[in-house]
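In what follows, chains carry the letters A, B, and so on, assigned in the order in which the sequence lines appear, proteins first and then strands, with residues in each chain numbered from 1.
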Amino acid sequence: MGKLDRSFYLKDTVTVARQLLGKLLVHEVDGNKISGLIVETEAYLGTEDRAAHSFGGRRTPRNEAMYSQGGHAYVYFIYGMYYCFNAVTGHEGVSEAVLVRALEPLEGLDFMAAARYQTSYSELNARQKINLTNGPGKLCMALTIDRSLNGEDLCGNRLYIEERDETPDICSSKRIGIDYAGDDRDLLLRFNILNNKYVSK
DNA sequence: ACCGCGATGCCCT
DNA sequence: GGGCATCGCGGTA
């Protein structure tokens with residue numbers, strides 16, 4: 001399966017958010033592939049979107065990566081203890097991005113279990129298996145995505161997204177955790193694979 | 001099952 | 001000094 005190239009990320013942000021569903025997010029750590037299928041995303045539409053960190057043209061050290069060329073990572077630190085991973089979209093200077101909110105674990109299961117629960121995958125109960133990657137902070141813990149990957153080129157060899165054959169059935173809904181965003185809180189910019197058990201609650 | 005809350009740090013006003 | 005694109009716990013039912 002091929003790695004998604006630059007042109008994928010230069011498409012319209014909502015298109016990217018929808019098309020990322022079913023693709024494989026990969027972090028290569030010490031030669032090991034840690035990966036999961038993307039099952040939930042949200043689109044953040046830049047300076048016009050009250051929910052986006054770049055609303056109104058806000059441009060600071062924290063959100064600078066949002067303004068980079070499509071196909072880079074925007075990783076930010078939130079609530080004092082979690083990271084969230086976005087794929088930046090659009091051309092340089094455009095501050096749009098897609099937040100990856102949940103994964104279905106595929107490769108490196110023991111690595112993820114160690115990162116989340118300090119044990120092996122086979123020792124996890126059913127609830128812990130689901131909770132490995134069913135939220136934006138959780139998937140970053142499981143894949144050890146942190147500040148050091150902010151601005152990383154997703155067309156490189158450390159952190160990237162792979163093509164997949166299957167085109168999943170999807171649906172849209174309101175974005176999570178953005179009640180501060182006025183009317184924009186009601187936009188249907190959250191997308192998920194139907195009936196996938198790793199979609200966040 | 002759902003609900004409420006505290007954790008915890010960094011950024012930006 | 002306020003608030004945050006979250007999570008997990010402990011309460012009640």
Query raised in the report: Can any side-chain N or O of A/N196 pair as donor or acceptor with the backbone N or O of A/E104 at less than 3.5 Å?
Result: no
Query raised in the report: Closest to the A/R58 side chain: B/dC11, C/dT6, B/dT13?
Result: B/dT13
Query - Most 5' of A/R116 and A/I178 on DNA chain C, judged by nearest nucleotide - result: A/I178
Requested in this report: Residues of residues 68-106 of chain A with any non-hydrogen atom less than 4.0 angstrom from an atom of DNA chain B: list those, numerically ordered, please.
Outcome: A/F77, A/Y79, A/G80, A/M81
Report task. Mind checking side-chain hydrogen bond (donor to acceptor under 3.5 Å, both in side chains) for A/Y44 and listing every partner two or more places apart, or none if nothing turns up? Result -> A/E42
**Report entry** Rounded distance (Å) that lies between atom P of C/dA5 and atom NZ of A/K138
**Finding:** 18 Å
Report task. Would you kindly give the CD1-to-P distance between A/I145 and C/dT6, to the nearest whole Å? Result -> 16 Å
Query - A/F55 CZ to B/dC11 P, straight-line distance once rounded to whole Å - result: 22 Å
Report task. Give the ring-plane orientation class for A/H53 versus A/Y76, where under 30° counts as parallel, over 60° as perpendicular and anything between as tilted. Result -> perpendicular
**Report entry** Pair A/E162 + A/K23: basic N to acidic O under 4.0 Å
**Finding:** no
Query raised in the report: Are any of A/K201's side-chain N or O atoms less than 4.0 Å away from OP1 or OP2 of B/dC2?
Result: no
Query - Rounded distance (nearest 0.5 Å) linking atom CG of A/L149 with atom OH of A/Y83 - result: 10.0 Å
Requested in this report: Take atom NE2 of A/H53 and atom P of C/dG3, then tell me their distance rounded to the nearest Å.
Outcome: 15 Å
Report task. May I have the distance from A/Y180 (atom OH) to B/dC11 (atom P), rounded to whole angstrom? Result -> 17 Å
Query raised in the report: With a 4.0 Å cut-off on heavy atoms, is A/R147 in touch with a base, just the backbone sugar-phosphate, or nothing at all?
Result: sugar-phosphate
Query raised in the report: Which stems, defined as runs of 3 or more consecutive Watson-Crick or G-U wobble pairs with both pairing distances under 3.5 Å, involve DNA chain C?
Result: B:1-7 with C:6-12, B:9-12 with C:1-4
Query - Rounded distance (Å) that lies between atom P of C/dG8 and atom CD of A/Q128 - result: 10 Å
Query raised in the report: How far does CG of A/L99 sit from CD1 of A/I176, to the nearest 0.5 angstrom?
Result: 10.5 Å
**Report entry** Value in whole Å for how far the P atom of C/dA5 lies from NZ of A/K174
**Finding:** 18 Å
Query - Donor-acceptor pair between A/Y160 and A/E28 side chains, under 3.5 angstrom - result: yes
Report summary line: Output for pair (A/K174 NZ, A/L189 CG), nearest 0.5 Å, gives 12.0 Å
Requested in this report: Using whole Å, report how far CG of A/D179 lies from P of C/dA5.
Outcome: 11 Å
Requested in this report: Quote, to the nearest angstrom, the C1' distance that separates C/dG3 from B/dC5.
Outcome: 16 Å
**Report entry** Rounded distance in Å between the P positions of B/dC3 and C/dA5
**Finding:** 22 Å
Report summary line: The reported gap from CG in A/L143 to CE in A/M112 (rounded to nearest 0.5 angstrom) is 5.0 Å
